[in-house]
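Only one structure is covered here, and it is reproduced in the block below.
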Amino acid sequence: MDIPQQCDVLVVGGGIHGAGIARDLSGRGLGVVLVEQHDLAASTSMASSKLIHGGLRYLEQGHLRLVREALHEREVLLDAAPHLVRPLSFLLPIGPGSRPLWQLRLGLWLYDRFAGSTRLAASRTVDLTGPEFNCGLLPQYRRGLVYSDAWGDDARLVVANARDAADRGALVLTRTQCESLQPHGQGWSARLRHRDDSETALNARAVVNATGPWVARFLRDQAGLRSRAGVKLVKGSHIVVRRKMGNGHALILQNDDGRVVFAIPFEREFSLIGTTDVAFDASPALVDISGDETQYLRRVVSRYFAEPIQDHEVVWSFAGIRALYDDGNGNPSQINRDYQLELDRAPNGAPILSIFGGKLTTYRRSAERVADRLSRELNNSAPAWTARAKLQGADIPYGDFAQFEQEMVTLYPYVDPSIVRAMVGRHGRLAVQLLQSGDVGKHFGACLTAVEIEHLCRHEWAQTAEDVLYRRTKCGVHMTSEQRSEVERYIADNHFEAVQPSAGAAGARRHS
């Protein structure tokens, strides 16, 4: 692989923030190299609740600016990636232990007002005993509130941003660790270690520290600087159960400890339940859901449903670490989820900008703020551009995803309709490229085919079965262990080589 000796900005961290920042900077004509020590979205960015939302509880906590910004970004993302971000209605049952109905109505009225002009339906009170909302709740829950937000495929949003960055000239290097940063000239000299244990030296005018749970540690250990900001690590865990709740609606369940838990439709036949908020002080690499967290989530659901969740119904679980800006709050659930930017400098004046906290929903706006700030540092006058720009595959005719999906099924009658729908859901209009030959190759189960696996490896940086089955897709949740092993063997046997766009050499273009 041709790696430039120098670039304008080295972005460290391949989660949603790093990928979004790389995309924005590349679109402003800056030469960008993005490095990620594991796979894209391998940590926090694949462990979210998959929601694109303003956050009702943030409204209750008084974080009004965050809610306004998040609701604005919800609209931006619904337009920028209609195949990856879709409207979802939320049902909030009212009964024993709930907040007062007047308080919830007022909160949702404010939520609707903050959203402003939106394509989503306004909140309303509903009868839970009717057929539309009767979903197995205990009889004491007879009334509820319905409001609108959105669902988002977190890991695929990361990949889509990285893909867009690469198409605009960024070089994306996964399984590559930034081992050290040293002041060099007027910038930084980075030592990069790759998967094969080889090393590369790279000079950058500026560095972005988007390492998530490792943000403070990276600044200290790799850059030799001490953060002025404090960071608190909070673990959030989820379980996926083989059952449906809510008749297609997501449920927001109020618990007696003041927290809320979501039960969200997931992968057609499952429900995603989460999240917890647990202070975490171990290595982020060791994060895993605990037995206590699993039981906590099961207990919350059991407060609302006559039929409790059984052990065998839990088909998958995952946990992630949020690196939150330390605002002095001792309650993990109350810590502000807003993002904070911190600009530090090496002794030679070279900038390194670190991002603390942040939500999936507001990643584009936080990336824009990072790019604005670094553009001033690097004397780059290109304007912000991402607010109206679509992600790859989002140029769907008429902006009607459902209609486009049905048209694709009709256009490719020789391919199983379920496979067509799965490809369209993951790739949007780009699915045409995967389907146009008429031969999708071997079907491995769960609507995953050979032609898509090859695409994921060659064009989306997937290298392992886990990358394919749990990040680029969620097919692993549906598959048997034998099917997952077959995918693993197929990838190992074929040695797919990633294709970097020729524009990747533009990492050094402003130096030429």
Side-chain angles (χ1 to χ4, degrees), residues 1-2 14 19 34 36 38-42 46 83-84 153 155-167 170-176 194-196 267 391-394 405 408-409 411-504:
M1 182 182 298
D2 183 21
L34 168 66
E36 162 56 44
H38 300 302
D39 181 32
L40 296 173
M46 69 151 289
H83 56 308
L84 301 178
D153 189 327
R156 287 214 60 79
L157 273 170
V158 175
V159 172
N161 276 271
R163 183 71 266 160
D164 198 335
D167 290 343
L171 179 62
V172 177
L173 301 173
T174 62
R175 269 80 180 190
T176 298
H194 307 286
R195 187 182 188 183
D196 62 3
E267 288 290 302
L391 287 163
Q392 189 181 62
E405 183 183 63
M408 289 288 285
V409 169
L411 188 61
Y412 299 100
Y414 39 80
V415 180
D416 185 322
S418 297
I419 292 175
V420 175
R421 291 190 181 95
M423 285 192 183
V424 171
R426 290 192 279 266
H427 304 282
R429 196 165 186 175
L430 190 63
V432 173
Q433 297 180 20
L434 281 69
L435 293 165
Q436 61 188 359
S437 71
D439 181 11
V440 296
K442 179 179 175 60
H443 182 205
F444 291 86
C447 299
L448 182 66
T449 63
V451 71
E452 187 173 14
I453 291 175
E454 181 173 353
H455 173 84
L456 299 176
C457 293
R458 292 197 186 280
H459 301 283
E460 294 191 0
W461 301 279
Q463 296 185 24
T464 70
E466 183 179 2
D467 298 349
V468 168
L469 296 176
Y470 294 99
R471 285 186 282 275
R472 305 307 183 279
T473 77
K474 295 295 183 290
C475 295
V477 181
H478 300 270
M479 287 179 163
T480 65
S481 59
E482 291 80 7
Q483 289 173 320
R484 292 192 292 268
S485 295
E486 191 172 6
V487 172
E488 185 174 9
R489 287 192 296 271
Y490 181 75
I491 294 172
D493 291 345
N494 282 276
H495 305 289
F496 296 115
E497 186 174 346
V499 176
Q500 287 280 358
S502 59

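Of all non-hydrogen atoms in Ala162 and Val172, the two that sit nearest each other are O-CG2, 4.0 Å. Closest of all the heavy-atom pairs between Leu448 and Cys475 is CB-SG, 3.8 Å. Contact between His478 and Ala446 at its shortest, heavy atoms only, is CB-CB, 3.7 Å. Residues Gly14 and Val158 share a closest heavy-atom pair of O-CG1, 3.4 Å. Of all heavy-atom pairs spanning Val409 and Val420, the tightest one is N-CG1, 3.8 Å. Residues Arg484 and Tyr470 come closest through the heavy atom pair CD-OH, 3.4 Å.
Glu36 places a side-chain N or O within 3.5 Å of a backbone atom of His38 that can act as its donor or acceptor partner. Checking side-chain atoms of Thr174 against main-chain N and O of Leu40 turns up no donor-acceptor pair under 3.5 Å. Not a single donor-acceptor pair under 3.5 Å links the side chain of Arg175 to the backbone N or O of Arg195. Of the possible donor and acceptor atoms, one in the side chain of Asn161 sits under 3.5 Å from a partner among the backbone N and O of Leu157. In this structure, the side chain of Asp467 engages the main chain of Thr464 through a donor-acceptor pair within 3.5 Å. Using modelled atom types, no side-chain atom of Arg156 and backbone atom of Arg471 make a donor-acceptor pair closer than 3.5 Å. The main-chain N or O of Thr480 is found under 3.5 Å from a side-chain atom of Gln483 such that the two form a donor-acceptor pair.
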Assess whether salt bridge (Lys or Arg N to Asp or Glu O under 4.0 Å) is satisfied between Arg426 and Glu452, documenting all intermediate values.
CA-CA 10 Å; Arg426 290 192 279 266; Glu452 187 173 14; 2.8 Å; yes
Step by step, work out the side-chain contact (heavy atoms from CB on, under 4.5 Å) result for Val487 and Met479.
CA-CA 10 Å; Val487 172; Met479 287 179 163; 4.0 Å; yes
Decide yes or no on salt bridge (Lys or Arg N to Asp or Glu O under 4.0 Å) for Lys442 and Glu486, but give the supporting numbers first.
CA-CA 11 Å; Lys442 179 179 175 60; Glu486 191 172 6; 3.0 Å; yes
What do the steps show when you test Asp153 against Lys474 for side-chain contact (heavy atoms from CB on, under 4.5 Å), and what is the final call?
CA-CA 10 Å; Asp153 189 327; Lys474 295 295 183 290; 4.0 Å; yes
side-chain contact (heavy atoms from CB on, under 4.5 Å) assessment of Leu435 paired with Val440
CA-CA 7 Å; Leu435 293 165; Val440 296; 3.9 Å; yes
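Scanning for ring pair (Phe, Tyr, Trp, His ring centres under 6.0 Å) contacts around Tyr490 gives Phe444, Phe496, with sequence neighbours left out. In terms of the ring pair (Phe, Tyr, Trp, His ring centres under 6.0 Å) criterion, residue partners of His455 (sequence neighbours excluded) are, by chain and number, His427, His459.
Side-chain contact check for Leu430 versus Gln433: some heavy-atom pair is nearer than 4.5 Å. Between Tyr412 and Met423 there is no side-chain heavy-atom pair separated by less than 4.5 Å. A 4.5 Å side-chain heavy-atom check between Leu173 and Trp461 finds every atom pair outside the cut-off. In this structure, the side chains of Val424 and His83 stay at 4.5 Å or more apart for every pair of heavy atoms. Between Val432 and Leu411 the shortest side-chain heavy-atom distance does not fall below 4.5 Å. Annotation: side chain of Ile453 is in contact with side chain of Ile491 (closest heavy-atom distance under 4.5 Å).
If you check the side chains of Gln392 and Asp167, you find a donor sitting under 3.5 Å from an acceptor. His194 and Thr176 share a donor-acceptor pair across their side chains, judged by distance under 3.5 Å alone.
Separating the CD atom in Glu497 from the CD atom in Gln463 is a distance of 11.0 Å, to the nearest 0.5 Å. Atom CG of Asp493 sits about 10.5 Å away from atom CD of Glu488, to the nearest 0.5 Å.
The pair Arg421-Asp416 does not count as a salt bridge, with every side-chain nitrogen at least 4.0 angstrom from each carboxylate oxygen.
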